[in-house]
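Below: one structure, written as structure tokens.
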Amino acid sequence: MSDSLGAQLRRHRLMADFTLEALAHASGISDRTISNIERGISVAPQRRTLTALLDALGLPEDEQQAMLRQARLPRLPTEGSLRSAMLAPTLVTDFTGRPEVLRAAAEFLGRSDADPAAPILVICGPAGVGKTTVALEALSRHGWGDGMRAFVDLNGMNSLPLSPLGVLQSLIAQTSEIRDISTLDEAISEWRRITAAKRVAVVLDNAANEDQVRPVLAATNAVVIVTSRRSLAGLVNVQRITLEPLERAESVQLIGRIVPASQRTDADADALAAACGDLPLALRIAANRVAAQPRSTVRDFLDTMAARRDPLRALVAGDLAVEPALTLSYGQTDAASRQLFRSLALIDGATFDASLAAAAAGAGVDETAERLDELTDLGLVEARGGNRYHLHDLVRLFAAALSRRDEPASARQRRALRHWVLATAQNAGLWFEPDRDPDPDAPGRHFASADDARTWLRIEGAQWASAVTQAYALGEDQLVLDVAEALHWFSDTWPAWDLWRILFLTSADAATRSGTDRDIAVHHGYAAWLHLTQAEFDAGLRAARSAVAAAERTDDEKERGWASFYLAWSLGRLLDHDAALREASRAMKHLTLAGDEEGISQVLAMIANFLMHTGDLAGAVDHYEHVLSLLERRRGSVPPNLVLVTGVNTRTLLARVLNKDGQPEYALEVMPGVIAEATAAQYADGLARAHLELAIALRLTGRLEDAGRHLAIADETATAHRLLALLPEIERLRAEPNG
């Protein structure tokens, strides 16, 4: 793997015997910007910035072009950044002041060390006062040692704050190997298990309300720091710190740590601190603006600020001092960068990448990436890990106010972004749909592989869910229906239940409001799936019956079959197996007439399960074998996610039926391969069940020691991944003779 752009720049600088300051002087680029590139904070610097640096270093033309190409290569988030809520800000290197606040935080952390029962510190205060910076600095100074840290952006000021389940899912993903938890109860249980085994320090940033925080407090061995504009008075037994603006001397000191001495005087630094109201966000933006232009001074900045005759009116009470600094930085950019900045206010979610920003601005991705780095250098945008960017809430308000003032076409921009996001979601979802290929000429972003599509759907979940809600509110029902159909099969692979509840219940409402009978049948079926996966069996039954009633009003055999499938599933979950079998048979008849082989496979597996529960083992074997033969025949045309799940589950269930019938040979022969396949795909449920069936088969042949080993692995896997339905089966097997 080649060195990163930052590593290459640093190597060339050292080989040329340049310090940061010397290269800054030679190139006209600030040493802070150069440091950000070398440390990987600025991952795609502007072309003119990089060209100035490479010219100053005297690199040959071919090496310069190679590095310029690398800077513009498209980048996808890494596996570690699949959830943008986990991307913590970089710890600042010039933290200044706040001795009393840090002393109080240190005392809190010291008490938490002595008492491991989940203590909580709430740091509250207005936007821009430095709450997140203080939280991260306090943990760093405490020296957490070997303890584990986790960071979650709760997205409190956006239209779609992170749900309590989403908060715990992010924490679990950062502190264990588990990635998918489907219910809040499961998440709380898993969080308790994790924190019982290891000490965790948690920063919950930008909380909207107490409900986002309470489930995290179920931890048995964690310290929790929450930042919020609100005091979160509903949380009891907590310590609170309310941040105020910096002391004037601290503000002047912070300016001095950012702006070189040659660009400031003490009097000018004091005047700049006063103009910024001693608010850290404003101070950093103003100081970075000066430092980024080595030939300018603080006095130049103050003169320009004073010369403004029509500054934007204050955004929110108490934050008046931020506006002049923001406005001046904004004014230093060209028209295209200003238009991009205004467009960023349209984006939901904790972070965004260049492609999403480009869609908001209606610009090219490469050009947008360069302009985002310019805005980052100005302090208007914050760079996060995984090639993502973040807009501070106060800066978002500023951008939105500018957009309302300067963008008469903002409604068209919102529509264009919404349609781009939902078109991209469809393009991504179609990678997981049977018999449906993505259209390369369709609007939106396109993906080179299912892995790329999966990554985008996960990391931009808040964005496309918000776009679905907006589309429904604006009456764009057909768009909502199209997105739901495109993501139908992908939803099986990712238990992001908050997002699926938004999508499928909204699409059911859209179908009811303006859809055809076919639409009602399809989308009430999806709603039934959602309810059944969440153990809401009565609601699932109601949705399935609505789907059947609508399907019967059509002549569409396929949708009649799928509606009956959901009704059969609902009846089976309510333990009415006779009625479930009758409805499954009806589903099979309709799907056979429609020639829907995927539907036929699903119904066959369902009928086999019902037959097993009613004691017809031979019938169950026939149905499972039929599913496997269909799957083998269609292997090249079925998406890999369906091949994996259907194949692993069906072979394991067939092994179960044959074990029940006293025929362990199949399990002994096939389960090792199933275990290998499930292990490679990290499919925990299939892995645990395969080990269990192999353990049963080994016991039936008298190999008790081997059986015990596989049973222990099944138990360990089921416990680690909270496979609650499987644990009682494992316990029953342990309790049996020779267990």
Side-chain angles (χ1 to χ4, degrees), residues 432-435 488-489 492-493 525 529 532-533 557-558 561-573 577 580-661 663-678 681 683 685-690 692-694 696-697 725:
F432 306 94
E433 293 287 301
D435 305 320
H488 165 223
W489 285 105
D492 280 325
T493 70
W529 171 85
L532 292 170
T533 54
E557 294 290 349
K558 175 181 176 180
W562 277 106
S564 291
F565 170 86
Y566 289 118
L567 181 54
W569 185 8
S570 302
L571 292 167
R573 296 306 298 263
H577 289 118
L581 271 170
R582 288 194 299 272
E583 200 61 41
S585 297
R586 188 174 293 114
M588 179 63 75
K589 179 187 72 174
H590 291 306
L591 291 168
T592 300
L593 289 172
D596 186 339
E597 296 192 19
E598 190 56 52
I600 290 170
S601 296
Q602 298 298 319
V603 176
L604 282 170
M606 175 187 286
I607 292 174
N609 190 47
F610 293 156
L611 291 173
M612 180 172 62
H613 281 293
T614 57
D616 185 356
L617 301 185
V621 168
D622 288 343
H623 280 76
Y624 284 134
E625 288 180 340
H626 194 176
V627 172
L628 290 174
S629 66
L630 285 175
L631 185 66
E632 186 59 34
R633 179 161 57 86
R634 301 181 64 230
R635 180 173 291 273
S637 60
V638 177
N641 55 302
L642 294 181
V643 172
L644 169 72
V645 173
T646 302
V648 166
N649 290 348
T650 303
R651 282 177 284 166
T652 302
L653 287 167
L654 178 55
R656 165 157 291 198
V657 175
L658 292 170
N659 279 339
K660 283 179 177 289
D661 200 35
Q663 302 180 55
E665 295 80 13
Y666 178 83
L668 293 173
E669 178 184 351
V670 173
M671 285 304 96
V674 171
I675 288 169
E677 188 175 347
Y683 179 32
D685 185 79
L687 179 63
R689 293 180 185 277
L692 176 59
E693 292 309 319
L694 183 54
I696 293 171

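Given the structure is predicted, the values throughout are model-derived calculations rather than measurements.
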4.5 Å side-chain heavy-atom contact, Leu631 and Thr650:
no
On a heavy-atom basis, the closest approach of Ser570 and Leu532 is OG-CD1, 3.6 Å
Grab the two heavy atoms, one from Ala655 and one from Ala667, that are nearest each other, plus how far apart they are.
CB-CB, 3.9 Å
For the atom pair OH (Tyr624) and CZ (Arg651), what is the distance rounded to the nearest 0.5 Å?
14.0 Å
Let me confirm one number: the OG1-CG distance from Thr652 to Asn659, rounded to the nearest 0.5 Å.
10.5 Å
Between atom CD of Glu597 and atom CD of Gln602, what is the distance when rounded to the nearest 0.5 Å?
12.5 Å
To the nearest 0.5 Å, what is the distance between CE (Met606) and CD (Glu583)?
10.0 Å
Can you see which heavy atom on Lys558 is nearest to which on Ala594, and at what distance?
N-CB, 3.5 Å
Working for side chain to side chain contact (heavy atoms under 4.5 Å, CB included), residues Leu604 and Leu630
CA-CA 10 Å; Leu604 282 170; Leu630 285 175; 3.7 Å; yes
Contact between Leu692 and Arg656 at the side-chain level, heavy atoms closer than 4.5 Å - yes or no?
yes
With rounding to the nearest 0.5 Å, note down the distance linking CG in Leu658 to CD in Glu665.
8.5 Å
So which atom in Thr592 and which in Ile600 form the shortest heavy-atom distance, rounded to 0.1 Å?
CA-CD1, 3.9 Å
Under the side chain to side chain contact (heavy atoms under 4.5 Å, CB included) rule, collect the residues that match up with His590, sequence neighbours excluded.
Glu552, Glu557, Arg560, Ser564, Arg586
Any idea how Phe565 and Trp569 line up, ring-wise: parallel (<30°), tilted (30 to 60°), or perpendicular (>60°)?
tilted
What's the separation between atom CG in Asn649 and atom CG in Leu654, rounded to the nearest 0.5 Å?
12.5 Å
Contacts of type side chain to side chain contact (heavy atoms under 4.5 Å, CB included), residue Leu581, not counting sequence neighbours:
Ile607, Phe610, Leu611
May I ask you to decide if Trp489's main-chain N or O and Glu433's side chain share a donor-acceptor pair within less than 3.5 Å?
yes
What is the minimum heavy-atom distance between Leu591 and Gly561, and which atoms define it?
CG-CA, 3.8 Å
Parallel, tilted or perpendicular: ring planes of His613 versus His577, cut at 30 and 60 degrees
parallel
Looking at every non-hydrogen atom in both residues, tell me the closest pair between Gly647 and Leu628 and how far apart they are.
O-CD2, 4.4 Å
